[in-house]
Amino acid sequence: MNKHFLGDTAVLLGRSLRHIARSPDTIITTAIMPIAFLLLFVYVFGGAIETGSESYVDYLLPGILVITIASGISYTAFRLFLDMQGGIVDRFQSMPIARSSVLWAHVLTSLVANLISLAVVIGVAMVVGFRTGAGVLGWLAVTGILVLLILALTWLAVLPGLTAKSVDGASGFAYPLVFLPFVSSAFVPTESMPGPVRAFAEHQPVTAIVDAIRDLFAGQPVGADIWTALAWCVGLLVVAYVLAVVTYQRRVA
């Protein structure tokens with residue numbers, strides 16, 4: 001059964017990756033938009049924002065990485081919605097394949113596509129001045145946090161992909177996720193924010209995630225931030241996965 005699941009998932013993963021390769025708008029949205037944000041903030045707003053001795057591009061990059069993931073996972077909901085509405089999922093259910101392989105193929109496609117987008121964004125950041133003191137373990141820790149975040153948000157994206165009534169409803173859910181980093185420590189220190197906004201910014205998941213990644217990139221001790229970030233990612237992943245699987249089983253029952 002396990003071998004059957006892996007083989008079916010691999011075939012469907014190849015199908016989804018071919019769709020992405022033939023869809024230039026996916027590449028534009030998941031890579032070009034975050035790069036535009038990066039260049040805008042570094043060259044237009046960066047000189048007006050005080051981040052201490054740290055260069056602004058070093059301070060900024062973790063938030064841009066979160067935005068890259070948030071914009072990328074909207075395509076998971078979009079592609080899954082099209083499959084559900086187009087009848088291809090019903091077609092798959094009539095074939096001798098593992099039912100869960102349909103969802104896992106979409107999730108793994110999101111993981112691959114987002115990791116590629118993140119690599120492109122980090123490459124551009126290095127061109128405009130990003131430097132890191134992280135060693136191998138630091139980079140592995142950053143990669144682990146980002147992978148957990150991708151998986152958590154992708155399983156969350158499966159829900160509107162299964163339940164939305166329109167294309168806009170399926171993909172539009174990601175907009176709040178894209179803008180959530182703007183009310184966090186991603187672009188400016190939270191100390192500069194007014195009281196209620198600061199309280200929200202300091203206790204929402206993006207702040208813990210970007211602070212942990214920022215410290216890892218700088219080669220500094222991360223303290224409690226990394227555990228808070230992991231708790232948010234794992235907690236969201238578990239809840240989103242359970243809800244997505246239950247919703248999918250009800251849809252295909």
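Computed from heavy atoms alone, side chains included, the values below leave out hydrogens, waters and symmetry copies.
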### Query
For Thr190, does its backbone N or O pair with a side-chain atom of Glu202 as donor and acceptor, under 3.5 Å?
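The answer is no, because no donor-acceptor pair under 3.5 Å joins these two groups.
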
Non-hydrogen atoms of [X] and [Y] that approach each other most closely:
| X | Y | answer |
| --- | --- | --- |
| Glu191 | Arg198 | CG-NH2, 3.8 Å |
| Val66 | Leu149 | CG2-CD2, 4.2 Å |
| Arg214 | Ala186 | NH2-O, 3.6 Å |
| Asp58 | Gly129 | OD1-O, 4.1 Å |
| Ser117 | Thr68 | CB-CG2, 3.8 Å |
| Met193 | Ala201 | SD-CB, 3.6 Å |

### Task
Kindly indicate whether the side chain of Leu82, heavy atoms from C-beta on, has any atom under 4.5 Å from the side chain of Val167.
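A side-chain contact under 4.5 Å exists here.
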
### Task
From the options Ile150, Leu13, Ile116, Leu146, select the one residue that forms a side-chain contact (heavy atoms from CB on, under 4.5 Å) with Leu111.
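Answer after filtering Ile150, Leu13, Ile116, Leu146: Ile150.
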
### Query
For Trp155, which of Leu236, Thr76, Leu103 qualifies under side-chain contact (heavy atoms from CB on, under 4.5 Å)?
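It is Leu103; the other options fail the test.
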
When you group the ILVMFWY residues by side-chain heavy-atom contacts below 4.5 Å and let the links chain together, are [Y] and [X] in the same group?
| X | Y | result |
| --- | --- | --- |
| Ile67 | Trp232 | no |
| Val44 | Tyr59 | yes |
| Trp104 | Val11 | no |

### Query
Mind checking whether Phe37 and Phe182 have ring centres under 6.0 Å apart?
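Yes; Phe182 has its ring centre under 6.0 Å from that of Phe37.
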
### Any side-chain donor near an acceptor of the partner, Asp211 and Thr207, under 3.5 Å
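Result is no, nothing qualifies.
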
